[in-house]
Amino acid sequence: MEDNSFIGLDIGTTKIACIISELDANNELKIVGVGVSQSDGLRKGVVVNIDKTVHSIQKAVEEAELMAGTDVESVYVGIAGDHIRAINSKGVVAISREDNEIAELDVIRAIDAAKAVSIPMDREILHVIPQEFIVDDQKGIKDPIGMCGVRLETQVHIITGAVTSAQNIYKSVEKAGLKVRDLVLEPLASSYAVLEKDEKELGVALVDMGGGTTDIAIYFDESIRHTAVVGLGGKNVTSDIAIGIRTPIERAEEIKKQYGCAYSPLVKADEYISVPGVGGREQREVSKAVLASIIEPRLEEILSLALREIKRTEYSDMLGAGVVLTGGGALMEGIQELAEKVFEMPVKIGVPTGFGGLTEAAKSPIHATGVGLCIYGVKHGSGAKKSKKNFSGDDNFKKIFDRMKVWVKEFF
Ligand SMILES: Nc1ncnc2c1ncn2[C@@H]1O[C@H](COP(=O)(O)OP(=O)(O)OP(=O)(O)O)[C@@H](O)[C@H]1O
Ligand SMILES: [Mg+2]
């Protein structure tokens, strides 16, 4: 594999997606392979069956490899689930140089100090993201290097996850014959693919409507401020349909994708679909309006819970750029209209951008996480070849967690 390859592996509750990307000679990102397989080894974003997950990973990776004509060795992997917690923390240091000029080392020391909060034994730090710096009494500084001062303070956002959940992802990827280049919080990865810089600056909530969970990440003043998870997703919508119109889950899933609508005013009154019954019962006709009357309240509930999470933060009135929806749920007809009603804010469907190549295959909100993982790799890591050197041997997992992911590189 080439030095300039970045591979994202999105291990979701309903699908696993492998996206192979390459930086070309002009430093432009090109998607060269996309592979998707069904996933049934996870529950609400967390691996519960390693063997099933390994099998699905292999299927998705093989498909992407075939398309790209290359072999995948190491991947950027997403992590999500309601075990994720985030805290804001502060660190203060005195400027070391005699002339009081702030050097990169001071910034690293300040971030280190902010990181020195007590994290329970069963949690690991996934990301440490600097939000702002304060030099003496001057607030809101993005890049303090080169400034003069005697005191440097930083505020950081620390994202932690359960060690066991991370280990199970790691194990699954490793057993599938791949190396984990980095574990990245999924809504954070998605933000790289779908959010513009000015949206992050103005304030925006990214809501990833997955199969198992709905993840929320709030950005303001260019950095991530809050993350939350609602433990409901598209699977709940599907099982409501299965029960509501009495049809097997698989058929309910197909009907949902093909005929479902999240916003009843968009549905014509006289449209019908035929639905096979369970256990050999007769086929019936169901109106699309009835279908929407099952889907709408559930999605409204999910979006309202997401809004409640947003309202729990101090940023709810400051989201100038509104809400961006990603994940498979963002493909549902009428979701934008419903979300605008619930959030009372402008809502955009987040389609991944910022790359060339197989744009058709990857330009879907369902691939926001996978594409975002590739872009994350470009910004924060090195290509696949280098990563092999960094991450080889059995202590790979330990190395990843020994190294705190400080974002100094991107921040400046
Ligand atoms: N066209 C569509 N219309 C409505 N829903 C859809 C459509 N396509 C996919 N979905 C739903 O989106 C969900 C899958 O989305 P996604 O692939 O983002 O989830 P995931 O990453 O597997 O899960 P999670 O992120 O929760 O772990 C499924 O519930 C699926 O039914
Ligand atoms: Mg997902």
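Atoms within each ligand, like the ligands themselves, are counted from 1 in listed order. Quick caveat: nothing in here was measured; it's all calculated off a predicted structure.
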| said: Could you identify the single nearest non-hydrogen protein atom to atom 10 (N) of ligand 1 and state the distance to 0.1 Å? | reply: Gly328 O, 3.5 Å
| field | Ala80 heavy atom under 4.0 Å from ligand 1 | value | no
| field | Any N/O pair Glu186/ligand 1 closer than 3.5 Å | value | no
| Nearest-neighbour protein heavy atom for atom 9 (C) of ligand 1, which is reported as residue plus atom name and distance | Lys257 CE, 3.7 Å
| request: May I ask you to decide if the ring planes of Tyr192 and Tyr376 are parallel, tilted or perpendicular, using 30° and 60° as cut-offs? | output: perpendicular
| Whether over 12 other heavy atoms sit under 6.0 Å from Gln283 CD | yes
| field | Result of checking Glu296, Glu333, Glu271 against Lys288 for salt bridge (charged side-chain N to carboxylate O under 4.0 Å, His left out) | value | Glu271
| Salt bridge flag under 4.0 Å for residues Asp112 and Arg109 | no
| Thr238: which of Arg298, Lys256, Glu254 passes side-chain hydrogen bond (donor to acceptor under 3.5 Å, both in side chains) | Lys256
| Within the side chain of Asn168, is there an N or O that forms a donor-acceptor pair under 3.5 Å with the backbone of Ser165? | no
| remark: Note: ligand 1 atoms sitting under 4.0 Å from heavy atoms of Glu253 are 30 (C), 31 (O)
| request: Could you list which atoms of ligand 1 come closer than 4.0 Å to a heavy atom of Met332? | output: 3 (N), 4 (C)
| Enumerated ligand 1 atoms positioned under 4.0 Å from heavy atoms of Gly329 | 12 (O)
| Side-chain (Gln131) to main-chain (Ile224) donor-acceptor, under 3.5 angstrom | yes
| request: May I ask which of Ala17, Ser190, Gly211 has a heavy atom nearer to atom 13 (C) of ligand 1 than the others do? | output: Gly211
| Residue Gly327 vicinity, atoms of ligand 1 by number, heavy atom under 4.0 Å | 18 (O)
| note | Looking only at non-hydrogen atoms, the one of Lys44, Arg43, Gln258, Lys256 nearest atom 11 (C) of ligand 1 is Lys256
| request: Looking only at protein heavy atoms, identify the closest one to atom 21 (O) of ligand 1 and say how far it is in Å. | output: Lys15 NZ, 2.9 Å
| task | Look at atom 25 (O) of ligand 1 and say which protein heavy atom is nearest, naming residue and atom and giving the distance to 0.1 Å. | result | Gly210 CA, 3.7 Å
| task | Decide whether a cation-pi geometry holds between Lys363 and Phe355; the criteria are a distance under 6.0 Å from NZ or CZ to the six-membered ring centre and an angle within 45° of the ring axis. | result | yes
| Just checking, Lys311 and Phe343: is the charged tip under 6.0 Å from the six-membered ring centre and within 45° of the axis? | no
| query | Quick one: nearest non-hydrogen protein atom to atom 1 (N) of ligand 1, plus distance? | reply | Leu331 CB, 3.5 Å
| note | When distances are taken from atom 26 (O) of ligand 1, the protein heavy atom at minimum range is Gly212 N, 2.8 Å
| query | At a 4.0 Å threshold, what atoms of ligand 1 neighbour a non-hydrogen atom of Lys235? | reply | 29 (O)
| message | Measuring from atom 24 (P) of ligand 1, which candidate in Thr13, Thr326, Thr214, Val237 has the nearest non-hydrogen atom? | response | Thr13
| message | For Lys179, is there an ion pair with Glu73 - N to carboxylate O distance below 4.0 angstrom? | response | no
| said: Less than 4.0 angstrom from a charged side-chain N to a carboxylate O is my criterion; do Glu62 and Lys59 meet it? | reply: no
| query | Is Gly12 close to ligand 1, meaning an N/O of one under 3.5 Å from an N/O of the other? | reply | no
| note | atom 14 (C) of ligand 1 sits nearest the protein heavy atom Thr14 OG1, 3.2 Å
| request: Please confirm whether the backbone N or O of Ala60 pairs with a side-chain atom of Glu63, one donor and one acceptor, at under 3.5 Å? | output: no
| query | Do Thr213 and ligand 1 have an N or O pair less than 3.5 Å apart? | reply | yes
